[in-house]
Amino acid sequence: MALSSSTAFRRILRGTSSSFSQLKFTFSPRRQSSSFPLDEDSGIKELPPLTTPKLFVSGLSRLTTDEKLKDAFSPFGQLLEAKVITDRVSGRSKGFGFISYATIEEADKARYAMNAKFLDGWVIFVDPAKPKERRPLTSSSPEPEASETGFRSNKTIGWCG
DNA sequence: GTTGAGCGTT
């Protein structure tokens, strides 16, 4: 529940070959209900509305490219950006990508439509992306970064420049 | 070919 419930599901989906008999269900036969908080209280698995048209897609196959991602998310709305993050060093896909829609509605629709779906043989998960850039304008920086204006600790003694 | 946690280039 840290970031999203996708992580837990991914582990389960991938761990079907082993640790089956070792699975322990914390299910008490005495209790008939009120065991899981998200089963009767929430009622339905409705995720909260998006606050950003940017989506973070994880669980992508390493063979999946931007075109594949764009082709998979294009019918749900106008894509401002659809990119699979690839490592600059290795040049291979990192296994996740970003989808930017024009509006949040499209992003929300695509998110519900493509979440936990198959892409290139892998189950992908769509979640709201975290802001990459912060403080584009207005507001002040949380780190005042005081001092160090004239004094500099001579920890690096021996290096004069 | 590279199998699996995570949030990108300007």
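By convention in this document, chain letters (A, B, ...) are assigned in the order of the sequence lines, proteins followed by strands, and residues within each chain are numbered from 1.
Listed nucleotides: B/dG8, B/dC7, B/dG4. Nearest to the side chain of A/Arg62: B/dG4. Nearest to the side chain of A/Leu63, among B/dC7, B/dT2, B/dG8, sits B/dT2. For A/Lys54, whose side chain is taken as the heavy atoms from C-beta onward, the closest listed nucleotide among B/dG6, B/dG8, B/dT2 is B/dG8.
If you take CG of A/Asp87 and P of B/dG8, they are 12 Å apart, rounded to a whole angstrom. Atom C1' of nucleotide B/dT2 and atom NZ of A/Lys94 are separated by 17 Å, given to the nearest angstrom. Between A/Phe125 atom CZ and B/dA5 atom P there is a gap of 12 Å when expressed in whole angstrom units. The separation between A/Phe98 atom CZ and B/dG6 atom P is 14 Å, rounded to whole Å. At whole-Å resolution of the value, CG in A/Leu60 and C1' in B/dT2 are 17 Å apart. Residue A/Lys83 contributes atom NZ, which lies 7 Å from atom C1' of B/dG8 at whole-angstrom precision. Look at CZ on A/Arg92: it is 20 Å from C1' on B/dG6, rounded to the nearest Å. For the pair A/Arg88 CZ and B/dC7 P, the computed distance is 17 Å after rounding to whole Å.
Residue pairs meeting the salt bridge (charged side-chain N to carboxylate O under 4.0 Å, His left out) criterion with at least one partner in residues 81-103 of chain A, sequence neighbours excluded, are A/Glu81-A/Lys83. Residue pairs satisfying the ring-ring contact (aromatic ring centres under 6.0 Å, His included) criterion with at least one member in residues 59-107 of chain A, sequence neighbours excluded, are listed as follows: A/Phe56-A/Phe96, A/Phe56-A/Phe98. Annotation: side chain to side chain donor-acceptor pair (under 3.5 Å) contacts involving residues 64-75 of chain A, sequence neighbours excluded, comprise A/Thr64-A/Asp120, A/Lys68-A/Asp120.
Heavy-atom distances under 4.0 Å link DNA chain B to no residue of residues 104-111 of chain A.
Among residues two or more places apart in sequence or in another chain, the side-chain hydrogen bond (donor to acceptor under 3.5 Å, both in side chains) test is passed with A/Ser61 by none. Residues meeting the side-chain hydrogen bond (donor to acceptor under 3.5 Å, both in side chains) test with A/Thr51, sequence neighbours left out: none.
Contact detail for A/Ala107 and A/Leu55: the closest heavy-atom pair is O-CD1, 3.3 Å.
Taking CG of A/Leu50 as the reference point, atom CD of A/Glu105 lies at 11.0 Å (rounded to 0.5 Å).
By the criterion of a centre-to-centre distance under 5.5 Å and near-parallel planes under 30°, the ring of A/Phe96 forms no stack with the base of B/dG6.
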